[in-house]
**Q** 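Dropping a structure here in structure tokens format, bear with me for questions.
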Amino acid sequence: MSVLLLAEHQQGRLRSSVASVVNAARALQEDIHVLIVAGEEEAMALAEQASAIDGVNQVLTISAPHLEVMMTEDVVAQLRVVLRRNAYTYFMMASSYAGKRIVSYLAGQLDVDVSSDIIAFVDKNNYLRPIYSGSLQAVETLKGKPRLMSVRANAFAPAPVQGLPTPVVTLAAQPPVGRVKLLQRLISATPGRTDLARARIVLGVGVGVQKSLWPLVEQLAEKLGAAIGASRAAVESGLASSSCMLGQTGKIVSPELYIAIGISGAVQHLAGVKDSACIVAINNDPNAAIFQNVDYGLVGDAGEVLTQMLAFV
Amino acid sequence: MKILVPIKQILDPAAPVRLKADGTGLDYGLARMVMNPYDEVALEEALRLKEQGHADSILAVTCGNQSTIPVLRSALAMGADQVLLVETGYALSPLVLSRMLAEVARREQCSLALVGRLGMGNDSNQVAPMLAALLDWALLSFAEKITLEKETVTITARCDDGNDILAARLPAVVSVEVTINQPRFPKMTQLLAAKRQAIPVLPASELSVDQAMKVAVVQIRNAPERPACEKVPDVATLMERLRQRVPALKKNRTEERAAR
């Protein structure tokens, strides 16, 4: 009876979501084992980071050259062996893009269902998740074993890092599946700009912000230490890259402050930002739907408001 | 080469959904039923691949009761060559739905499945990966662009930090992002022609797949609502409110004072 948790990482660092998923897993009141699947050079450093997270009872590492790029089919091949080895009752990871593919692909192979995007544990058997773009919430229960779940990381506070290392177990890697080939990996994160997942303040930009106003948005983001996200419409019109799209099928964020500028407020956009502690909408249309779902609304021209805000911060 | 496109009929996603006051079910109000927009772009992508000469036919499938027939007529009007209703009397879990789709893909000898990445309503993002695993086909997730060259499908995949360019030999399951294309509007003649066509119906029991679900919904509740919006008259008032409320801004202010 224990929980296996797959840790996501990037460039030799655990993602900030890992500590949050560990905290979520504590609700199950079982031993928590964190699995690191990585390239050979980074595995030990990642294991050390994971072993310092409060609540982790054991760290498992599997490393091989072909695991550096974390292809879904290869990760799942490792997971199947690890899950069998210890007869885990639960498996969970963050519901990132990678998490969504990995958990459901594993589920298909194991012939079980998944509870995805969990935002709270009612108890060990009942899990709360948003449905209908967040308008409703469902309490689900899983049958069969293992119980597979993906967790919305930013719905849980990160577990503290206590620095008392837990044991690290090294396991042998499964050979490459090789069915899907990675031809190229394009990293679109802008260096120096705050990461959306970690930002305390997020500026959301919609089609109401013309291209000429983007320098103002970037200045404001820099002054506030904010990350920049965009609506689907802004991504579709080429104003922003898809990796900063906020919403149901983009990034889901819950910063202390979210400021939506020139965004009309479709349900699917709100689904990605509604758990922010404080939401502000700036829009020149006093009847924009977004004003029904925010804490503070300001009707005004995006350019003027941005200029004035820059003077205030 | 035959392409499978699973289609879901959903409540108009622009309409707000709440529970009925007596808690007995969902209050649909006057909302229309429409094709899941993610499936609509998957179908559009299949049509384009066929028009480029990469596919021979397109099969659109839905699982549900007879009330979902209109969504198959929409698929026909858009240009699907063949449709199928797998008739079930209850809501399927993603696993059972994937098992049924896998069986249809086998019987119909499809070698590519284009799947909308999200079925609105349940919002679970699960069918494409489950289908790939059940069929033991290659999985290519979150496509923002798809190209097909001979027997190899290449996609630009949306990832957590940017994009991966991925390639796999057919057979494959590709999940499709809603930003991939702008689906076509059927012409009136196509809509009328689709209305006259007979819709093949296959009872789910005849698919001989295990219908045991491994997940159960215990309860559905309304999401908590945010208190009403305060309209502020100007930027000065807004910043004043935010400084009182947002810790990240309070900190900025302290640092500012320290800097002075």
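Order of the sequence lines sets the chain letters (A, B, ...), proteins ahead of strands, with each chain counted from 1.
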**Q** Tell me, out of A:Glu256, A:Arg185, A:Glu304, who's got the most heavy-atom pairs with chain B below 4.5 Å.
**A** A:Glu256

**Q** Out of A:Ala107, A:Gly144, A:Ala277, A:Ala266, which one racks up the most heavy-atom pairs below 4.5 Å with chain B?
**A** A:Ala277

**Q** Rounded to the nearest 0.5 Å, how far does CZ of A:Arg15 lie from CG of B:Asp160?
**A** 5.0 Å

**Q** Which bit of A:Glu236 is near chain B, if near means a heavy-atom gap under 4.5 Å: side chain, backbone, both or neither?
**A** side chain

**Q** Please name the pair of heavy atoms, one in B:Asn163 and one in A:Ser242, separated by the smallest distance, quoted to 0.1 Å.
**A** ND2-OG, 4.4 Å

**Q** Need one label for B:Glu225: side chain, backbone, both or neither, based on atoms under 4.5 Å from any heavy atom in chain A.
**A** neither

**Q** Sort A:Ala98 into side chain, backbone, both or neither according to what part of it lies under 4.5 angstrom from a heavy atom of chain B.
**A** both

**Q** Tell me which of these, B:Arg241, B:Gln182, B:Arg158, B:Met120, has more heavy-atom pairs under 4.5 Å with chain A than the rest.
**A** B:Arg158

**Q** Distance from B:Lys231 atom NZ to A:Tyr296 atom OH, nearest 0.5 Å?
**A** 15.0 Å

**Q** Looking only at heavy atoms and a cut-off of under 4.5 Å, which of A:Tyr132, A:Tyr127, A:Phe291 has the most pairs with chain B?
**A** A:Tyr132

**Q** For B:Arg117, is it the side chain, the backbone, both or neither that has a heavy atom under 4.5 Å from a heavy atom of chain A?
**A** side chain

**Q** Name the region of B:Leu19, side chain, backbone, both or neither, that has any atom closer than 4.5 Å to a heavy atom of chain A.
**A** both

**Q** Looking at B:Ala236, B:Ala102, B:Ala212, which makes the most heavy-atom pairs under 4.5 Å with chain A?
**A** B:Ala236

**Q** Which heavy atom of A:Ser276 sits nearest to which heavy atom of B:Arg226, and what is that distance?
**A** O-NH2, 2.7 Å

**Q** Identify which of B:Arg18, B:Met213, B:Arg169, B:Glu230 forms the greatest number of heavy-atom pairs closer than 4.5 Å to chain A.
**A** B:Glu230

**Q** Checking heavy atoms, do the side chain of B:Thr237, its backbone, both or neither come under 4.5 Å from chain A?
**A** neither

**Q** Against chain A, label B:Ala228 side chain, backbone, both or neither, depending on which of its atoms sit under 4.5 Å from a heavy atom there.
**A** backbone

**Q** Would you call A:Asp111 and B:Arg99 a salt bridge, taking side-chain N to carboxylate O under 4.0 Å as the test?
**A** yes

**Q** Is there a side-chain contact between A:Val103 and B:Gln126 in this structure, where contact means two heavy atoms from C-beta onward sitting under 4.5 Å apart?
**A** no

**Q** Roughly how far, to the nearest 0.5 Å, is the CD atom of A:Gln308 from the CG atom of B:Asp234?
**A** 7.5 Å

**Q** If you take all heavy atoms of A:Leu183 and B:Ala167, which pair is closest and at what distance?
**A** CD1-CB, 3.9 Å

**Q** Show the nearest heavy-atom pair for residues B:Leu242 and A:Cys278, with the distance to one decimal.
**A** CD2-SG, 3.8 Å

**Q** Show, in sequence, the C-alpha distance, side-chain angles and deciding distance for A:Arg179 and B:Leu139, and conclude whether the side chain to side chain contact (heavy atoms under 4.5 Å, CB included) test is met.
**A** CA-CA 9 Å; A:Arg179 186 145 48 178; B:Leu139 169 67; over 6 Å; no

**Q** Heavy-atom pairs under 4.5 Å with chain B - which of A:Leu142, A:Val112, A:Leu257 has more of them than the others?
**A** A:Val112

**Q** When you compare the side chain of B:Met130 with that of A:Val114, does any pair of heavy atoms fall below 4.5 Å?
**A** yes

**Q** Please classify the contact between A:Ser96 and chain B as side chain, backbone, both or neither, with a heavy-atom cut-off of under 4.5 Å.
**A** both

**Q** Under a 4.5 Å heavy-atom cutoff, which of B:Asp210, B:Asp136, B:Ile10 has the most pairs with chain A?
**A** B:Asp136

**Q** Identify which part of B:Leu238 has an atom lying under 4.5 Å from any heavy atom of chain A, answering side chain, backbone, both or neither.
**A** side chain

**Q** Please determine whether side chain to side chain contact (heavy atoms under 4.5 Å, CB included) holds for the pair A:Ser133 and B:Asp123, giving the CA-CA distance in whole Å, both sets of side-chain angles, and the decisive distance to 0.1 Å.
**A** CA-CA 7 Å; A:Ser133 306; B:Asp123 294 356; 4.3 Å; yes

**Q** Would you mind reporting whether A:Arg129 and B:Asn122 have side-chain heavy atoms less than 4.5 Å apart?
**A** yes

**Q** Do A:Lys100 and B:Leu118 come within less than 4.5 Å of each other through their side chains, counting heavy atoms only?
**A** no

**Q** Name the region of A:Glu8, side chain, backbone, both or neither, that has any atom closer than 4.5 Å to a heavy atom of chain B.
**A** side chain

**Q** Measuring heavy-atom distances to chain B, does A:Val280 have an atom under 4.5 Å in its side chain, in its backbone, in both, or in neither?
**A** side chain

**Q** So, do B:Asp164 and A:Leu186 sit near enough that their side-chain heavy atoms are less than 4.5 Å apart?
**A** no

**Q** Under 4.5 Å from any heavy atom of chain B, what part of A:Gln292 do you find: side chain, backbone, both or neither?
**A** neither

**Q** Considering non-hydrogen atoms only, spot the tightest contact between B:Pro13 and A:Gln268 and give its length.
**A** O-NE2, 3.2 Å

**Q** Any heavy-atom pair between the side chains of A:Leu128 and B:Arg221 that's under 4.5 Å?
**A** yes

**Q** Side chain from CB out, backbone as N, CA, C, O: work out which of these in B:Val127 comes under 4.5 Å of a heavy atom of chain A, or both, or neither.
**A** neither

**Q** Does B:Leu249 reach the side chain of A:Ile201, with side-chain heavy atoms less than 4.5 Å apart?
**A** yes

**Q** With side chains defined as the heavy atoms from C-beta onward, is the minimum distance between B:Val217 and A:Val139 less than 4.5 Å?
**A** no

**Q** Taking all non-hydrogen atoms of both residues, which atom of A:Tyr97 and which atom of B:Phe142 are closest, and how far apart?
**A** O-CE1, 3.2 Å

**Q** For B:Tyr90, does the OH atom have more than 12 heavy-atom neighbours from other residues, nucleotides or ligands under 6.0 Å away?
**A** yes

**Q** Which bit of B:Ser98 is near chain A, if near means a heavy-atom gap under 4.5 Å: side chain, backbone, both or neither?
**A** neither

**Q** Do the charged groups of A:Asp295 and B:Arg245 touch, with an N to O distance under 4.0 Å?
**A** yes

**Q** State the NZ-CG distance between A:Lys143 and B:Leu95, to the nearest 0.5 angstrom.
**A** 11.5 Å

**Q** Verify whether one side chain among A:Thr249 and B:Tyr38 offers a donor that lies under 3.5 Å from an acceptor in the other.
**A** yes

**Q** Under 4.5 Å, counting heavy-atom pairs only, tell me which of A:Gln109, A:Lys274, A:Gln248 racks up the most with chain B.
**A** A:Gln248

**Q** Is A:Arg147 in contact with chain B via its backbone, its side chain, both, or neither, using a 4.5 Å heavy-atom distance?
**A** neither

**Q** When rounded to the nearest 0.5 angstrom, what is the spacing between CE in A:Met245 and CD in B:Glu144?
**A** 8.5 Å

**Q** What part of A:Val267 gets within 4.5 angstrom of chain B, counting heavy atoms only: side chain, backbone, both, or neither?
**A** side chain

**Q** Is the number of heavy atoms from other residues, nucleotides or ligands under 6.0 Å of A:Glu222 CD greater than 12?
**A** no

**Q** Picking from B:Asn125, B:Val153, B:Leu11, which has the most non-hydrogen pairs under 4.5 angstrom with chain A?
**A** B:Asn125

**Q** Which answer fits B:Leu140, side chain, backbone, both or neither, if we ask what part of it has an atom under 4.5 Å from a heavy atom of chain A?
**A** side chain

**Q** Let's test your reading of the structure: which of A:Arg232, A:Glu73, A:Lys181, A:Met309 forms the most heavy-atom pairs below 4.5 Å with chain B?
**A** A:Lys181

**Q** Would you give the length of the straight line joining atom CE of B:Met239 to atom CG of A:Leu298, rounded to the nearest 0.5 angstrom?
**A** 11.0 Å

**Q** Measure A:Lys251 against the heavy atoms of chain B and call it side chain, backbone, both or neither at under 4.5 Å.
**A** side chain

